[in-house]
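One structure is given below, encoded as structure tokens.
Throughout, numbering of the chain's residues begins at 1 and tracks the sequence.
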Amino acid sequence: MDEQALLGLNPNADSDFRQRALAYFEQLKISPDAWQVCAEALAQRTYSDDHVKFFCFQVLEHQVKYKYSELTTVQQQLIRETLISWLQAQMLNPQPEKTFIRNKAAQVFALLFVTEYLTKWPKFFFDILSVVDLNPRGVDLYLRILMAIDSELVDRDVVHTSEEARRNTLIKDTMREQCIPNLVESWYQILQNYQYTNSEVTCQCLEVVGAYVSWIDLSLIANDRFINMLLGHMSIEVLREEACDCLFEVVNKGMDPVDKMKLVESLCQVLQSAGFFSIDQEEDVDFLARFSKLVNGMGQSLIVSWSKLIKNGDIKNAQEALQAIETKVALMLQLLIHEDDDISSNIIGFCYDYLHILKQLTVLSDQQKANVEAIMLAVMKKLTYDEEYNFENEGEDEAMFVEYRKQLKLLLDRLAQVSPELLLASVRRVFSSTLQNWQTTRFMEVEVAIRLLYMLAEALPVSHGAHFSGDVSKASALQDMMRTLVTSGVSSYQHTSVTLEFFETVVRYEKFFTVEPQHIPCVLMAFLDHRGLRHSSAKVRSRTAYLFSRFVKSLNKQMNPFIEDILNRIQDLLELSPPENGHQSLLSSDDQLFIYETAGVLIVNSEYPAERKQALMRNLLTPLMEKFKILLEKLMLAQDEERQASLADCLNHAVGFASRTSKAFSNKQTVKQCGCSEVYLDCLQTFLPALSCPLQKDILRSGVRTFLHRMIICLEEEVLPFIPSASEHMLKDCEAKDLQEFIPLINQITAKFKIQVSPFLQQMFMPLLHAIFEVLLRPAEENDQSAALEKQMLRRSYFAFLQTVTGSGMSEVIANQGAENVERVLVTVIQGAVEYPDPIAQKTCFIILSKLVELWGGKDGPVGFADFVYKHIVPACFLAPLKQTFDLADAQTVLALSECAVTLKTIHLKREFCQALQQPDAKVLKNYLKVFFQRAKP
């Protein structure tokens, strides 16, 4: 072997050596006999370096996985012998191999097993067991091999072909018949032999039992001797976590509902008498988390049994199952309320399913009602933040608690289905008592009280948020709580979590303010002062900006008395912050977008006359336009690239803010009614010069393009005079991304204005196409995936443009480009349909072709098109589906095929030749053919 290359296997080797080692590995994989060198090195123990041994196993793994069928019978025998020799050597080694080598060796054994067990090596397990016997090192490897085999056969994360899946099923069936009882016996012997002397091997063996129990005969494990041993392990500290997991797998195994019930009950009796149900005595939270998972498994298994028995009409046994479930509820509650969230989280599944049973029962017993209430109190308690939660810098622990809260929310929703009145009464009690004394209550209790009110909105669903009408008792309870929330002064609580929960809840129940509008002013003040948009926390300010926008939009009818006051108060928040002023603004530019949108909504939805609305909108947008002009001049003069970028960002924000104010308008009519057309046209004239700025083109073009999209909706044909000049600038010095973003703008104009823009389209059609073709023809590195993807997306955009033109009845735009250009365009469409393995583009191309055949396929079509149909379009309809890359198992490709069929159908309907062929009278066909060939001859 290349000793120099092997040096690169060491993790501390420099990059040149590592590269050489990688290249050597690739070389050995290709070489037909290099694996033999590695096999010999392993069998002879030539190398002591762990990384070289691992490398040798990797080469063998590749050989077995990909090239095994190419080996002769003798060579295959050599691999088997090598592995057995290596295994024998492990019994004698003074030190065991490193874990990563043992795992890799186990993988190679497993690969060889799935390849050979059914044919050449049926005694695989016998051979291995005869080598390892009860030697601890040998047992360790035997158990690792078993786990690797299980992974190959049943691991759902490993993707198998249908052939491999069939093979795996056959292997499992054969193992069940031939060797599983022997394997189970070996596990029993290992557990018995090592349970007190070697915890590592015992835990490994328990893991194997847990893995295999899902697909072997359960009676081999679920019997007195095995279960008693597993229960014994539950009392041994170093084994009990693994024993818990093993019992969980046993309980989880599908079986007859009555048998499952008996198994679970017998387990529970033993566990209870051994004191495991006394949760408060146990201090080891890691064990309790596993135990909670086991109890969850037992509870859910009993519920599955109950469901099956009810379905089968076996009422007697179903009653027993329900009784068994009920006896576990006290333990479930202890685990649910446990201060460790992992322990609590693991039992939620059982809890959720238990509530589902109660939901199906017509009448609940007093005990069941008490259980529901206990679960409710547990959920309320567990929703509470703890002292350690870091609100300013949320990490992994915080993310886990957020996920856990989501699980608790599902429980709360299920509680609402079982007993909505009880939930409402419980929340009201907690909410009222907490908010009465909020000044002296800890933040987490205040937050959870408001959070519970917030959660009721989804737990007690109504259509369109109508919580304050309909059911009188529910409406009055919610109304009462909302009134308390907004009048109690809790919005002043000095903790971000409480502040945010206040605003979230106010917006969630915005319909409350249509019932009691007198509370709107104080809530608006909370949004606008130090409690909301001017809060010391950036996180609160940011979220409040969004919530304020939602609040104003949902209550726009009630906002009229406060509009001018709000606009005055948010004036400083609307300021565009240029990079040079150095002062940090309260809101980020993304947050300011919401404030601008809110301002626009207030103005547009107000009851003011059009002149007043126009004046207010001009007051809102004029500062942006003035700042824009100044900043654009500064950008033209800026030398430093960093300064250029920050100025361009600021210009882009200005355009974005103006754009966002227009979201208040739904169409041109509303803009005209508000008298705002003129101010937006002024904005257009202010922003368009940015397109001719040679600096920071990408960001400036992107902003102006978005503004144009909005103005096409708001101003309609009033925008059209600006489009030619804007398009000309946007087509200069284009990259693929620029064109991809420009084409949707042209598509929007084409689809909206159709014939009105025909002259403009005819004028810019070829310049646009030249820009596209120039980018598509640029050479790129062969392995440059991002460049290839950009070109693919641009090609799609190009075909989408042609589809829009033809689909809008504007085919004359193409027809008037001159015969040579028309042919060039048509050829690109044929190429798109046939040559590029992109079903989305192919589908678009066939849509274009069928439309052109429909429009041009008659006598009045362009000269030569009839010829083109038969020479190119018809062959394309056959060539595309025959391509190897045309994958009919792919949904997008099937859509492309259906458009291909439509194209053929359209040709058939349009071509008189086909119609003549269908004539029953042969004389008509003869006369037609005479005329046809006279016309066809040059």
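Residue pairs that meet the side-chain hydrogen bond (donor to acceptor under 3.5 Å, both in side chains) test with at least one member in residues 830-847, sequence neighbours left out, are R796-D838. Among residues at least two apart or in separate chains, side-chain hydrogen bond (donor to acceptor under 3.5 Å, both in side chains) pairs with a member in residues 751-779 are E735-R778, S758-Q762, S758-E812, Q762-N816, E774-R778. Residue pairs meeting the side-chain hydrogen bond (donor to acceptor under 3.5 Å, both in side chains) criterion with at least one member in residues 676-690, sequence neighbours excluded: R618-D682, T661-Y680.
Between the D784 side chain and the A780 main chain, no donor and acceptor come within less than 3.5 Å of each other. With hydrogens and angles ignored, the 3.5 Å screen pairs a side-chain donor or acceptor of Q639 with a backbone N or O of L637. Under a 3.5 Å cut-off, the side chain of Q644 and the backbone N or O of A638 do form a donor-acceptor pair. Between the side chain of H653 and the backbone N or O of D649, at least one donor-acceptor pair lies under 3.5 Å. Listed for the T906 side chain is no donor-acceptor partner under 3.5 Å among the backbone atoms of E854.
Ring to ring, F628 and F687 are close: their centroids are under 6.0 angstrom apart. Centroid-to-centroid, the aromatic rings of Y798 and F773 come within less than 6.0 Å. Aromatic ring centroids of Y546 and F503 lie 6.0 Å or more apart.
Residues passing the ring-ring contact (aromatic ring centres under 6.0 Å, His included) test with F722, sequence neighbours excluded: none. Listed by chain and residue number, E597 satisfy the salt bridge (charged side-chain N to carboxylate O under 4.0 Å, His left out) test with K553 (two or more places apart in sequence, or in another chain). Partners of R612 according to the side chain to side chain contact (heavy atoms under 4.5 Å, CB included) rule, which considers only residues two or more places apart in sequence or in another chain, are E564, Y608, P609, A615, L616.
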Test log, rule salt bridge (charged side-chain N to carboxylate O under 4.0 Å, His left out), inputs E504 and R543: CA-CA 9 Å; E504 296 281 358; R543 184 67 184 163; 2.6 Å; yes
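E394 CD: more than 12 foreign heavy atoms inside a 6.0 Å radius.
Residue F846 comes nearest to T903 through the heavy atom pair O-OG1, 3.0 Å, listed as atom of the first residue, atom of the second, then distance.
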